[in-house]
*Asks:* 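Just dropping this structure here.
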Amino acid sequence: MRWLYTLLLTLAAPFLLVGLYRKRPGKPAVGERWQEHFGRTPNIEGAPIWLHAVSVGEVLAAKPVISALQQAYPDVPILITTTTATGAEQAMRIKGVNHRYMPVDFPFAIRGFLRAVSPRLCVIMETELWPNTLHHVGRAGVPITIINARLSEKACHHYQKIAPLFRAMSQHIDLILCQHTTDKARFAALGVPAEKLSAVGSVKFDIKAVNPDLGAALRDARGERPCWIAASTHAGEDAIMLAAHSILLRDYPDALLIMVPRHPERFDDVSQQVAAQGLSIQRHTQGETLATSTQVYLGDTMGEMMMYLASADVVVMAGSFLGAKVGGHNLLEPAALSKPLLTGPSYYNFQVIGDALIDAGALQVCNDSQDLAAKIGAFFNAPPLAAQAGKAGLAVVEENRGAVERTLQALTPWLRHSH
C-alpha cells in the first residue's frame with residue numbers, strides 16, 4: 001500500500017512544490033534552503049528532541065511545550081521542523097532552538113534527514129501524519145509521539161477510507177496525546193490500541209499571562225471608536241466581513257474594522273478589495289498613526305495576532321464562514337484576552353472548545369454578514385454585555401489549563417529512556 005502512496009506522491013509532488021516555492025508579495029521565500037525538503041539537511045549535534053510543526057499556527061501552539069522542554073532538559077538541543085517558509089519565520093524567532101525544513105515524504109529524503117540530525121525523540125504537533133516519515137523514523141528506532149492531537153469527524157471518515165494505510169502508519173506511533181476524549185475515541189475507532197492513547201487537554205489553553213500593554217498603541221490611537229477584528233480571514237470571507245462593516249457603519253459611522261488575512265500573500269489582494277468597496281484603508285506596515293478617517297485597518301504582518309486581538313472590542317474568528325472548507329481557527333487566544341467572540345457556522349477544528357465557549361456564553365455563531373453586523377452592534381451598544389462574554393471566555397481558559405504539564409509528564413519516560 002505504501003509503494004502506491006509513494007507513486008501517487010511522486011506524481012503530485014511537482015504541483016505541491018510549485019505552491020510551496022511560488023513567490024508572492026508578503027510571503028517569505030524558502031530560498032537556497034530548498035534542498036532541506038529533499039533530505040540535504042545540515043547536521044545537528046547532540047541527538048535533539050525533534051518537534052514538527054507544519055506552519056505558523058502549529059509553531060505558535062507549540063511554544064509553551066518548547067519552553068517547558070527547555071526548562072526540563074536544558075542540555076538537550078531542540079529541533080523544530082516546518083513545511084512552510086512562514087512557519088520557518090516564526091520558528092526562528094524562538095530562542096535556543098534549531099530550525100530545519102521538513103523533508104518531503106519521499107523515503108530517500110526522510111533517510112537523509114535522519115542521518116543528519118539523529119533525533120532522540122520525534123514529537124509531532126497535532127495530526128500531521130505522513131506514511132513514509134512514520135515508517136522510516138520508526139525503523140530508525142526513534143520513538144514517535146503525537147501531541148495536542150485532534151481528529152475531527154471529517155478526518156476520521158477520510159482515514160477510514162484508507163484503513164489499511166492508517167493501521168500501517170499507526171503501528172510506528174508510540175504515544176498519541178489527544179486534546180479531548182472525543183479525539184481519543186476516534187483514534188480508538190481507527191484501531192489505535194488503548195495503551196497508546198491519552199486525553200490530556202489542549203496545550204493552547206496554556207497561554208501565558210498577557211502583557212496589559214499589548215495593543216495599547218493601536219487602542220490609544222483609535223480612542224473611543226468602537227472596533228472589531230476579523231481574524232485569520234481566507235479568500236471568500238473578506239467580502240462577508242466588509243459587507244458586515246458597511247452595515248455597521250450606518251449605525252456606528254466611526255466604527256473601525258481590523259482585518260488580518262490568514263496568509264501573507266493575500267495582503268495586497270485584501271487591500272484592493274477594501275478600496276474597491278469605497279472604504280478608507282490603512283496598513284499596519286505603513287507605520288503611521290491611525291487616522292480618524294480610516295475605516296479598515298489592515299494587519300499585514302505575521303506573528304502579531306495577539307496584538308491585533310488585544311486592540312479590538314469584539315473578535316470575529318474567521319476560517320469559519322466557508323462551509324466545511326477550513327473549519328475555523330484558534331478561539332482561545334481572544335478568550336484569554338477576555339474578548340467577546342463570534343464565529344461562523346463551521347468551527348469543527350475547534351468543536352469541543354467552541355461548544356464549551358458557547359455553553360459559557362463567551363461565543364456566538366453567526367450565519368452571514370447581516371447576522372454578524374447585528375451581533376457586533378449588540379456588543380457595541382452594550383459594553384457590559386461584551387465584558388460579561390469576555391469574562392466567561394477567560395474563565396473557560398483558566399479552568400482548562402495544565403495540558404503542557406501533563407504533556408511533559410507523558411513524554412518524560414521516552415526522554416529518560418533516550419538519555
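One is the number of the first residue; the rest follow in order along the sequence.
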*Asks:* Any donor and acceptor pair, going by atom type alone, linking the side chain of Asp355 with main-chain N or O of Val352 inside 3.5 Å?
*Replies:*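 Checking the backbone N and O of Val352 against the side chain of Asp355, no donor-acceptor pair under 3.5 Å is found.
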
*Asks:* Is it true that a side-chain atom of Arg120 and a backbone atom of Ala47 form a donor plus acceptor pair closer than 3.5 Å?
*Replies:*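 Looks like yes, one N/O pair under 3.5 Å.
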
*Asks:* Which heavy atom of Thr41 sits nearest to which heavy atom of Phe113, and what is that distance?
*Replies:*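 The answer is OG1-CD1, 3.7 Å.
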
*Asks:* Taking the side chain as every heavy atom from C-beta outward, state whether Ile240 and Asp368 have any atom pair closer than 4.5 Å.
*Replies:*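 They are not in side-chain contact.
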
*Asks:* Would you say that Asp105 contacts Ile110 through its side chain, given a criterion of any heavy-atom pair below 4.5 Å between the two side chains?
*Replies:* yes

*Asks:* Suppose we call two aromatic rings close when their centres sit under 6.0 Å apart. Are His284 and Tyr308 close by that rule?
*Replies:* yes

*Asks:* More than 12 foreign heavy atoms under 6.0 Å from NZ of Lys375: is that the case here?
*Replies:* yes

*Asks:* Is it true that Arg2 and His135 share a donor-acceptor pair across their side chains at a distance under 3.5 Å?
*Replies:*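 Yes, because at least one side-chain N or O of His135 sits under 3.5 Å from a partner of the opposite role on Arg2.
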
*Asks:* Is the side chain of Glu36 donor-acceptor paired with the backbone N or O of Pro42 at a distance under 3.5 Å, no angle test?
*Replies:*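 No, because the side chain of Glu36 does not come within donor-acceptor range (under 3.5 Å) of the backbone of Pro42.
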
*Asks:* Return yes when atom CD of Glu195 has more than 12 non-hydrogen atoms of other residues, nucleotides or ligands closer than 6.0 Å, and no otherwise.
*Replies:*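 Counting other residues, nucleotides and ligands, CD of Glu195 exceeds 12 neighbours.
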
*Asks:* Name the one of Ile49, Val97, Val404 that satisfies side-chain contact (heavy atoms from CB on, under 4.5 Å) with Ile66?
*Replies:* Val97

*Asks:* Taking the side chain as everything from C-beta on, heavy atoms only, tell me whether Leu177 gets closer than 4.5 Å to Ile146.
*Replies:* no

*Asks:* For Asp268 and Gln272, test the side chains for any donor-to-acceptor distance below 3.5 angstrom and give the result as yes or no.
*Replies:* no

*Asks:* Tell me whether the rings of Trp130 and Tyr5 are parallel (<30°), tilted (30 to 60°) or perpendicular (>60°).
*Replies:*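 Ring orientation, 0 to 90° scale: tilted.
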
*Asks:* I need the minimum non-hydrogen distance between Lys184 and Ala199, along with the two atoms involved.
*Replies:* CD-N, 4.2 Å

*Asks:* Would you check if the side chain of Thr82 reaches a backbone N or O of Ala88 as a donor-acceptor pair within less than 3.5 Å?
*Replies:* yes

*Asks:* Using modelled atom types only, decide if a donor and an acceptor are shared between the side chain of His37 and the backbone of Pro103 within a distance under 3.5 Å.
*Replies:* no

*Asks:* Side-chain donor-acceptor pair under 3.5 Å between His99 and Arg33, yes or no?
*Replies:* yes

*Asks:* Going by side-chain hydrogen bond (donor to acceptor under 3.5 Å, both in side chains), Arg283 matches just one of Asp300, Thr301, Thr294. Which one?
*Replies:*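 Of Asp300, Thr301, Thr294, side-chain hydrogen bond (donor to acceptor under 3.5 Å, both in side chains) with Arg283 is met by Asp300 alone.
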
*Asks:* Specify whether Phe106 and Phe108 have parallel, tilted or perpendicular ring planes, treating 30° as the upper limit for parallel and 60° as the lower limit for perpendicular.
*Replies:*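 Phe106 vs Phe108 ring planes: parallel.
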
*Asks:* For residues Met302 and Val56, report the shortest heavy-atom separation together with the two atoms involved.
*Replies:*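 Closest approach of Met302 to Val56: CE-CG2, 3.7 Å.
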
*Asks:* So, the side chain of Glu58 versus the backbone of Met125: is there a donor-acceptor pair under 3.5 Å, distance only?
*Replies:*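 No, the answer is negative, given that no donor and acceptor are paired below the 3.5 Å cut-off.
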
*Asks:* More than 12 foreign heavy atoms under 6.0 Å from CD of Gln171: is that the case here?
*Replies:*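 Counting other residues, nucleotides and ligands, CD of Gln171 exceeds 12 neighbours.
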
*Asks:* I'd like to know if the side chain of Arg219 reaches the main chain of Leu214, judged simply by a donor and an acceptor atom lying under 3.5 Å from each other, with no hydrogens or angles considered.
*Replies:*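 Yes.
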
*Asks:* Would you say Arg262's side chain and Thr233's backbone share a donor-acceptor pair under 3.5 angstrom?
*Replies:* no

*Asks:* Using the side-chain contact (heavy atoms from CB on, under 4.5 Å) rule, take Leu279 and Leu249 through it: C-alpha gap first, then chi angles, then the decisive distance, then the call.
*Replies:* CA-CA 10 Å; Leu279 297 169; Leu249 288 169; 3.7 Å; yes

*Asks:* Looking at Glu126 and Lys204, does any basic side-chain N land under 4.0 Å from a carboxylate oxygen?
*Replies:* yes

*Asks:* Do Trp414 and Val123 have side chains that get closer than 4.5 Å, going by heavy atoms?
*Replies:* no

*Asks:* Do you know which two heavy atoms are closest between Ala389 and Pro340, and how far apart they sit?
*Replies:*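 The pair with the smallest heavy-atom distance is CB-CB, 3.9 Å.
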
*Asks:* Could you walk me through whether Trp228 and Val316 pass side-chain contact (heavy atoms from CB on, under 4.5 Å), step by step?
*Replies:* CA-CA 7 Å; Trp228 66 287; Val316 176; 3.6 Å; yes

*Asks:* List the steps, then state whether side-chain contact (heavy atoms from CB on, under 4.5 Å) holds for Leu372 with Phe321.
*Replies:* CA-CA 11 Å; Leu372 206 50; Phe321 292 85; 3.9 Å; yes

*Asks:* Mind listing the closest non-hydrogen atom pair of Leu337 and Met306 along with its distance?
*Replies:* CD1-O, 3.9 Å

*Asks:* Side-chain contact test, heavy atoms from C-beta onward, threshold under 4.5 Å: evaluate it for Met305 versus Ser232 and give yes or no.
*Replies:*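 Yes; the side chains approach each other to less than 4.5 Å.
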
*Asks:* Taking the inter-plane angle between the rings of Tyr159 and Phe166 on a 0 to 90° scale, is it parallel (under 30°), tilted (30 to 60°) or perpendicular (over 60°)?
*Replies:* tilted

*Asks:* With sequence neighbours left out, what residues match Glu237 under salt bridge (charged side-chain N to carboxylate O under 4.0 Å, His left out)?
*Replies:*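 Residues passing salt bridge (charged side-chain N to carboxylate O under 4.0 Å, His left out) with Glu237: none at all.
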
*Asks:* Just checking, any donor-acceptor pair under 3.5 angstrom between side chains of Asn132 and Thr6?
*Replies:* yes

*Asks:* Look at atom CZ of Arg93 and say whether more than 12 heavy atoms of other residues, nucleotides or ligands are closer to it than 6.0 Å.
*Replies:* yes

*Asks:* Are the side chain of Thr412 and the backbone N or O of Leu408 linked by a donor-acceptor pair below 3.5 Å?
*Replies:*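 Yes, because the side chain of Thr412 sits within donor-acceptor range (under 3.5 Å) of the backbone of Leu408.
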
*Asks:* Looking at Glu89, I want to see if its CD is surrounded by more than 12 non-hydrogen atoms of other residues, nucleotides or ligands under 6.0 Å.
*Replies:* yes

*Asks:* Inspect the contact between Arg222 and Asp313 and indicate whether a charged nitrogen and a carboxylate oxygen are less than 4.0 angstrom apart.
*Replies:*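 Answer for the salt bridge query: yes.
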
*Asks:* Would you please name every residue forming a salt bridge (charged side-chain N to carboxylate O under 4.0 Å, His left out) with Glu304, sequence neighbours left out?
*Replies:*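 With sequence neighbours excluded, Glu304 shows a salt bridge (charged side-chain N to carboxylate O under 4.0 Å, His left out) to no residue whatsoever.
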
*Asks:* Does Asn148 reach the side chain of Ser202, with side-chain heavy atoms less than 4.5 Å apart?
*Replies:*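 The answer is yes, as the side chains (C-beta and beyond) meet within the 4.5 Å cut-off.
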
*Asks:* When you measure from the side chain of Asp174 to the backbone of Thr145, do you find a donor-acceptor pair of N or O atoms at a distance under 3.5 Å?
*Replies:*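 Checked: no pair found.
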
*Asks:* Looking only at non-hydrogen atoms, find the nearest pair between Pro334 and Asn330 and report the distance.
*Replies:* CD-O, 3.7 Å

*Asks:* Give a yes or no on whether the ring-centroid distance for His172 and His136 is below 6.0 angstrom.
*Replies:* no

*Asks:* Using the rule side-chain hydrogen bond (donor to acceptor under 3.5 Å, both in side chains), only one of Arg150, His329, Lys154 pairs with Asn349; which is it?
*Replies:* Arg150

*Asks:* Taking atom types as modelled, is there a side-chain donor on Ser346 or Ser320 under 3.5 Å from an acceptor on the other?
*Replies:* no

*Asks:* For the residue pair Leu342 and Val314, establish whether any side-chain heavy-atom pair is separated by less than 4.5 Å.
*Replies:*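 Sidechains of Val314 and Leu342: in contact.
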
*Asks:* For Glu45, give me all partners under salt bridge (charged side-chain N to carboxylate O under 4.0 Å, His left out), at least two apart in sequence or on another chain.
*Replies:* none

*Asks:* Any non-hydrogen side-chain atom of Ser311 less than 4.5 Å from a side-chain atom of Ile229?
*Replies:*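 Heavy-atom side-chain distance check fails, nothing below 4.5 Å.
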
